[in-house]
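In what follows, chains carry the letters A, B, and so on, assigned in the order in which the sequence lines appear, proteins first and then strands, with residues in each chain numbered from 1. No hydrogens, no waters, no symmetry mates; every other heavy atom, side chains included, goes into these values.
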Amino acid sequence: MPIQNVTPLWPRARPDFARLLRVLRRDGLPDRVPFIELFADPEVIAAVLDEPVAPLPATASDREAYAARLDQRIRFCRRVGFDFVWAGTHPPLAMSRLQADDTAELSRVKRGWVNESEGVIGSMADFEAYPWPRPEDVDYFELEYVANNLPDGMKVIATTAGVLEYVMWLMGYAPFAVALYDDPELIEAMFQRIGDLLASIYATICDHPRVGAVFLGDDMGHRGGTMVHPDHLRRYVFPRQRRLVQTAHEHGLPFLLHSCGDLRAVMDDLIDDVGIDGKHSFEDTYLPVAEAKRLYGDRVAILGGVDVDFLVRSDPEQVRAYTRRVLEACMPGGGYAFGTGNSVANYIPVRNYLAMLDEAMQVGVYG
Amino acid sequence: MELRQIYEYTVSGNAPKVKELTEQALAEGVAPGEIISKYLIPAMAEVGDRFERNEFYVPELLIAARAMQGALAILKPLLTDTDLKPAGKVVIGTVKGDLHDIGKNLVSMMLQGAGFEIVDLGVDVPPEKFVDAVKQSKADVVALSALLTTTMPSMKTTIDALQAAGLRERVKVVIGGAPVTQRYADEIGADGYAPDANSAVRRTRQLLGLA
């Protein structure tokens with residue numbers, strides 16, 4: 001279906017990336033609170049569009065199917081009033097994955113997970129034998145396609161997974177954690193390799209004229225704190241993230257960080273040393289977004305924050321009331337974009353997601 | 001030898017040293033139960049405390065647990081019935097539909113470090129498997145883990161299955177995991193909730209009247 005045939009849910013909400021950029025740069029007040037997400041699951045996208053889910057491409061080289069999925073995504077972003085469309089770059093890194101029955105409301109039958117207990121690289125011999133992709137092996141079709149089909153007023157937010165994430169996914173979290181002590185040489189080699197790969201990707205995505213911001217998904221925490229000791233993050237992770245931030249800034253692009261978990265122990269590092277411009281992913285159990293805005297809102301943009309667990313287990317009226325409380329706390333002074341605390345997963349009831357957006361469209365207007 | 005070194009090397013996660021010192025202590029005639037109760041269990045309690053104080057993180061906890069397990073592998077076959085009674089028996093697992101096991105493994109290790117006997121059912125565990133394990137092991141406690149909002153309802157299903165099998169009054173149920181709260185524990189009729197591995201040990205001990 002052509003992109004221009006999409007009916008926006010809120011017709012007056014015309015896309016304007018400058019609105020979001022003002023928030024990301026904390027440069028005064030926009031006309032209304034813009035929306036932000038790292039991504040939405042295809043099942044939610046299709047439900048919002050009232051269409052069947054575009055089939056999953058059998059391989060990344062099945063361009064027709066891939067493009068059909070991206071068309072749906074672009075129409076979704078237009079329909080729900082985003083000022084951007086996200087586009088991921090996924091280097092071909094083979095990993096160990098598991099599957100379980102998908103119990104979501106919009107189930108995809110099986111949902112995949114990275115194997116936490118066992119990875120594909122456990123030794124220097126594995127590292128040497130691993131088929132590491134060269135920079136020219138990275139496929140930018142998603143970015144190019146989205147950029148070439150952007151609705152008026154929008155820009156691309158280019159997303160990638162992160163430094164710590166890729167290392168943990170390739171090694172398995174538990175073996176990685178132990179190797180921090182048993183095999184620091186392997187750990188250093190892994191971070192160096194992933195850091196270099198991401199740096200080469202950033203050089204390309206930041207150079208694209210239709211990219212308006214970059215969004216790194218790098219989960220570094222759980223509800224009780226960081227995944228590893230802050231000193232390990234400072235030694236291995238932050239220098240590589242800083243390199244990506246520098247590339248983004250050299251191209252005049254804001255750098256947004258999505259990281260789950262309680263990162264309060266390292267927020268000063270992330271803001272002052274790594275140099276992030278926006279922080280995304282909050283949960284009420286450890287840091288409600290209103291508290292994050294109070295603590296860090298004068299130093300970085302605060303993004304999203306509607307607790308996903310709450311979204312899943314509440315009704316639309318409760319979601320609306322919650323939305324009003326979040327906006328009341330986070331709107332003053334600007335520097336805030338509205339969205340979920342993590343992503344629009346297929347286990348979030350669509351009626352609740354639409355209720356939170358609708359309420360924000362009504363309440364999130366600056367005077 | 002200085003037996004206290006077993007404690008110190010366990011805390012710092014030096015598995016080869018703990019193994020070496022444990023074998024040395026046995027050779028010098030120290031009772032296996034004494035090594036466990038005076039050095040390994042206090043060492044893991046210290047590790048848990050440091051984890052709660054954000055001095056230790058998951059990697060430090062994992063290497064300490066590995067050191068303890070290395071020593072236990074030597075000591076357990078040598079224990080007689082009168083040497084050391086387990087603090088209790090815990091059936092633990094990640095509930096149906098959920099494949100995440102790090103949190104469950106950490107709780108399991110810390111409970112083991114506190115002297116509990118563990119029956120670990122793994123991940124994606126259906127309610128009936130918990131029921132069977134409780135029947136067979138005569139466990140005192142069932143510990144349920146879930147990372148996902150969507151798999152949390154399996155905790156309630158499991159508690160309902162224990163009830164239907166007439167086992168609910170015989171076991172305490174403790175739950176934990178990223179989206180889990182005390183409120184949810186109250187809602188589904190669990191006996192306890194723990195936000196992290198160390199407090200899971202504390203809560204389990206409280207429920208069994210050991211603390």
Any chance you could measure A:Ile348, atom CD1, to B:Thr149, atom OG1, to the nearest 0.5 Å? 9.0 Å
Answer yes or no: does atom CZ of B:Arg53 have more than 12 heavy-atom neighbours from other residues, nucleotides or ligands under 6.0 Å? yes
For A:Ala177 against B:Pro59, the heavy-atom pair lying closest together: O-CB, 3.4 Å
Is chain B contacted by the side chain of A:His229, its backbone, both, or neither, given a heavy-atom distance below 4.5 Å? both
Among B:Val180, B:Thr181, B:Val123, which residue forms the greatest number of heavy-atom pairs with chain A at distances under 4.5 Å? B:Val180
Please enumerate all residues that pass side chain to side chain donor-acceptor pair (under 3.5 Å) together with A:Glu283, with sequence neighbours excluded. none
Close side-chain approach of B:Arg66 and A:Val178, heavy atoms under 4.5 Å: yes
Is there a donor-acceptor pair under 3.5 Å between the side chain of A:Arg223 and the backbone N or O of B:Gly177? yes
Output all residues satisfying side chain to side chain donor-acceptor pair (under 3.5 Å) with B:Lys156, sequence neighbours left out; order by chain, then residue number. B:Asp160
If you count heavy-atom pairs within less than 4.5 Å of chain B, which of A:Pro230, A:Ala345, A:Ser117 leads? A:Pro230
Between B:Ile63, B:Leu61, B:Asn54, B:Asp196, which residue shows the highest count of heavy-atom pairs closer than 4.5 Å to chain A? B:Ile63
Is chain A contacted by the side chain of B:Glu55, its backbone, both, or neither, given a heavy-atom distance below 4.5 Å? backbone
Listed by residue number, which members of residues 99-113 of chain B have a heavy atom under 4.5 Å from any heavy atom of chain A? B:Leu99, B:His100, B:Asp101, B:Ile102
Closest non-hydrogen atom pair, A:Ala174 against B:Leu62: O-CD1, 4.0 Å
Smallest heavy-atom separation, B:Tyr57 atom then A:Val228 atom, equals CD2-O, 3.6 Å
Apply side chain to side chain donor-acceptor pair (under 3.5 Å) to A:Asp315 and list each qualifying residue two or more places apart in sequence or on a separate chain. none
Against chain B, work out which of A:Asp182, A:Thr285, A:Val308 has the most heavy-atom pairs shorter than 4.5 Å and name it. A:Asp182
